[in-house]
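Lettering follows sequence order; numbering is per chain, from 1. The basis for the numbers below is simple: all heavy atoms, side chains too, and nothing from hydrogens, waters or symmetry mates.
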Amino acid sequence: MANIAAQRIKREFKEVIKSEEVAKCAIKLELVNDSFTELKGEIAGPPDTPYEGGNFVLEIKVPETYPFNPPKVRFVTKIWHPNISSVTGAICLDILKDQWAAAMTLRTVLLSLQALLSAAEPDDPQDAVVAKQYKENLEMFESTARHWTNIYAGGPDLNKDFNDKIRKLVEMGVEEHQARVALSSYNWDLERATEQLFS
Amino acid sequence: MNTEGDVDSDMECSDNECFGDDSDYYNTDDIDIEQVDPSKNDPEYFEFECLTEEQVERLLNESVELLSNNLQILPSLAKVLLHYHNWNVSEIIGKYRENASQLLINSRVKPSSAPASNNCSRYLTCPVCVLTHSSDKFLSLNCGHLFCKGCWTIHFEVQINQGISTGISCMARECEVLVPEDFVLKLVLQPNIKEKYLQYIFQDYVKSHPQLRFCPGPNCQVVIKSQDTKAKRATCSKCKSIFCFKCGIDYHAPTDCHTIQKWLTKCADDSETANYISAHTKDCPKCHICIEKNGGCNHMQCYNCKYDFCWMCLGDWKAHGSEYYECSRYKENPNIAHESVHAQAREALKKYLHYYERWENHLKSLKLEKETFDKLKTRINQKVMSGRGTWIDWQYLFTAASLLAKCRYTLQYTYPYAYYMDTGPRKELFEYQQAQLEAEIENLSWKIERAETTDRGDLENQMDIAEKRRTTLLKDFLDV
């Protein structure tokens, strides 16, 4: 690994550990290996959003050319968000692409991702299904996102209705996550989700 | 013409009194001819120049010099402004006089907020590599964001390797200020990267200049320049590529850039059907023997039963001889609005295929052009060997063949035009003219393939008719 990249990551790691956000448990950063090429990040779901109470784990890969090129970041925790793929966790965020600047740090990345959770950009979607729901039925989107936060990120809000519907599909032999994706995509319409799963 | 004029004016000087009236008469005549504006007669008239890389550099540098002298700014900053404003010097000067600082902010030369203030300590820590160096190792752009020289260099190298040149900006967060050329060249030391940078930046400059266009020919370095930025036919003097000056793809008159793009996308999307359709063989409509088309003419004669028919519609050729050449016209089903969705879809496909088949057919004919030329050569050789005329006597056939190719090319591009036209009298007129052009082209093609004598009167007459039909159609419908 290039000298500058390792130097920077060491320094940034310290910066995050000492930061006030860590003290407030809003962000977290851990080393995955000794060579500083991969890190594990964690952000808390921002208050007053469907993600509140959840903890979202991120995979951070540091390229050889860091910090002149952005780190590669994706969500490991499954999440329902217009700018994040519900399948792969890939993120659509300008600062992780062409708006990256060498003077930015992992801390700014984590805080920007947290900001993205509070303010989605449905017109620049990564996940078209989620973005469509966000624009057409915001309430449905919020309860779905809250449900995903509860299941995958340890959020507090249990949705009995959603869980019942999933259980019905599981009883028919559908894998649980697959059932959740189908129901989420069809606004929790059990009939249409079933149709899609068995067609 | 000019020499004659010179002689006239000489005479006017020496023998003014005697020849005064005469020379006046000739002079007026001369001026009359010169005043004929070629753009009025030829709808495809287009003035352009083919420039080498050095000539383009010189041209760009003239604008840079003009602007930097006028505004008293560094040439590298002038380049940033020119690139940003598509090389419109007067627009930049106007905006500069109006509000210089706003112009510099909008063009990303100056930061939108006040420049970062720097403390003057002897040692600084670079925010990128987090190392401490003495302050003389640091540089900043107009925005005042200081970074060490080493980091600037790596930043440039990384960006250049990703193909970015004019778009390289400051490394600070949310800073939009662009890095001017001289700043990059001062810090990038590897010769191959420097070379790449100069190449990319040159490409960016040419692409942002409305009067310049790279020749789209493979590995061709020529840049075409024209004052007129319309969708006209440009021909590269080096690689002979013929292309539309506006959009850079194959020349497409009478169809406009937007329509041809739509058509080509459609053709690519529907390629499965199109492939099926464009099979090279057809059966003779009379004796049903399988025929492969190996030449350009649509007037087919079955070698088996000698039946004359049209390759396009497989109808009797005799019906095509008349003035009204029906085969290029697509007949829309008038009851279509009342039919089911399914039938409408079928009708839409039928309509598309009608135009596509004709488009594809002429394209194929043109691709066979070289073979046609070779065949002509062989035929002429045979004639000359058997003592029927000299090589020179037969040259007119080549002229005729290249005119045929030119006419067929325009005809090919009339089909996408017709496809996207609204039904109505204008479309009827268009299809009438298209049919006439098609008929004359087929006549010409037939005559070239069967030219038996060195008597060229008939053929030249046919050439003239075909070209007239072509220009008439373009005059009426080429709208650029």
Side-chain angles (χ1 to χ4, degrees), chain A residues 1-19 21 27 29 31 35-37 39 41 60-73 91 93-116 119 121 124, chain B residues 108 111-113 115-116 118 124-133 137-179 183-184 187-188 190 193 196-197 200 204:
Chain A
M1 187 178 210
N3 211 8
I4 296 184
Q7 241 157 253
R8 268 280 301 257
I9 295 297
K10 272 184 221 165
R11 181 73 167 252
E12 288 183 40
F13 189 67
K14 276 188 215 151
E15 177 199 51
V16 173
I17 300 293
K18 281 188 292 186
S19 70
E21 291 89 13
I27 60 170
L29 195 63
L31 288 169
S35 60
F36 301 98
T37 52
L39 295 98
I60 303 169
K61 287 191 170 156
V62 182
E64 190 89 353
T65 47
Y66 187 80
F68 302 98
N69 277 329
K72 292 185 172 59
V73 186
I91 305 162
L93 182 65
D94 57 356
I95 64 148
L96 292 177
K97 292 171 185 163
D98 57 332
Q99 291 301 304
W100 171 257
M104 289 185 185
T105 64
L106 293 178
R107 180 175 158 263
T108 50
V109 169
L110 293 178
L111 294 175
S112 302
L113 285 172
Q114 212 170 27
L116 183 69
E121 295 270 0
D124 185 18
Chain B
R108 296 170 65 185
S112 49
S113 45
N118 294 305
L124 293 166
T125 302
C126 171
V128 171
C129 64
V130 291
L131 292 177
T132 306
H133 308 278
K137 291 238 165 60
F138 282 77
L139 285 173
S140 78
L141 299 170
N142 289 330
C143 51
H145 298 119
L146 283 168
F147 300 97
C148 75
K149 288 178 188 170
C151 283
W152 278 118
T153 303
I154 303 173
H155 174 55
F156 298 151
E157 287 173 356
V158 167
Q159 297 281 309
I160 294 163
N161 279 325
Q162 291 169 358
I164 303 167
S165 58
T166 47
I168 301 178
S169 62
C170 170
M171 287 190 282
R173 194 182 172 188
E174 280 164 20
C175 180
E176 296 271 293
V177 173
L178 291 172
V179 185
F183 195 88
V184 175
L187 289 166
V188 170
Q190 287 188 55
I193 297 189
K196 260 194 207 171
Y197 176 72
Y200 291 148
D204 277 6

>> For residues 95-104 of chain A, which residue pairs pass the side chain to side chain donor-acceptor pair (under 3.5 Å) check, not counting sequence neighbours?
In response: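 Pairs touching residues 95-104 of chain A that pass the test: none.
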
>> So which residue, K10(A), R11(A), E12(A), ends up with the most heavy-atom pairs under 4.5 Å with chain B?
In response: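 It is R11(A).
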
From [atom1] ([X]) to [atom2] ([Y]), nearest 0.5 Å:
X: T65(A); Y: I154(B); atom1: OG1; atom2: CD1; answer: 10.0 Å
X: N69(A); Y: H155(B); atom1: CG; atom2: NE2; answer: 10.0 Å
X: R173(B); Y: T105(A); atom1: CZ; atom2: OG1; answer: 7.5 Å

> Is the NZ atom of K72(A) crowded by more than 12 outside heavy atoms at less than 6.0 Å?
Replying inline: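 Result for NZ/K72(A): open.
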
> Does CD belonging to E15(A) count more than 12 external heavy atoms closer than 6.0 Å?
Replying inline: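 Yes, because the 6.0 Å sphere around CD of E15(A) holds more than 12 heavy atoms from other groups.
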
>> Does any part of the side chain of F68(A), heavy atoms only, come nearer than 4.5 Å to the side chain of M171(B), both counted from C-beta?
In response: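 Yes, close enough: below the 4.5 Å cut-off.
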
>> Please classify the contact between R8(A) and chain B as side chain, backbone, both or neither, with a heavy-atom cut-off of under 4.5 Å.
In response: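 Both backbone and side chain.
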
In terms of heavy-atom proximity below 4.5 Å to chain A, should [X] be classed as side chain, backbone, both, or neither?
X: C151(B); result: both
X: Q162(B); result: side chain
X: V158(B); result: side chain

Shortest non-hydrogen contact from [X] to [Y]?
X: P67(A); Y: V128(B); result: CG-CG1, 3.5 Å
X: Q7(A); Y: V130(B); result: O-CG2, 4.0 Å
X: A172(B); Y: A103(A); result: CA-CB, 3.9 Å

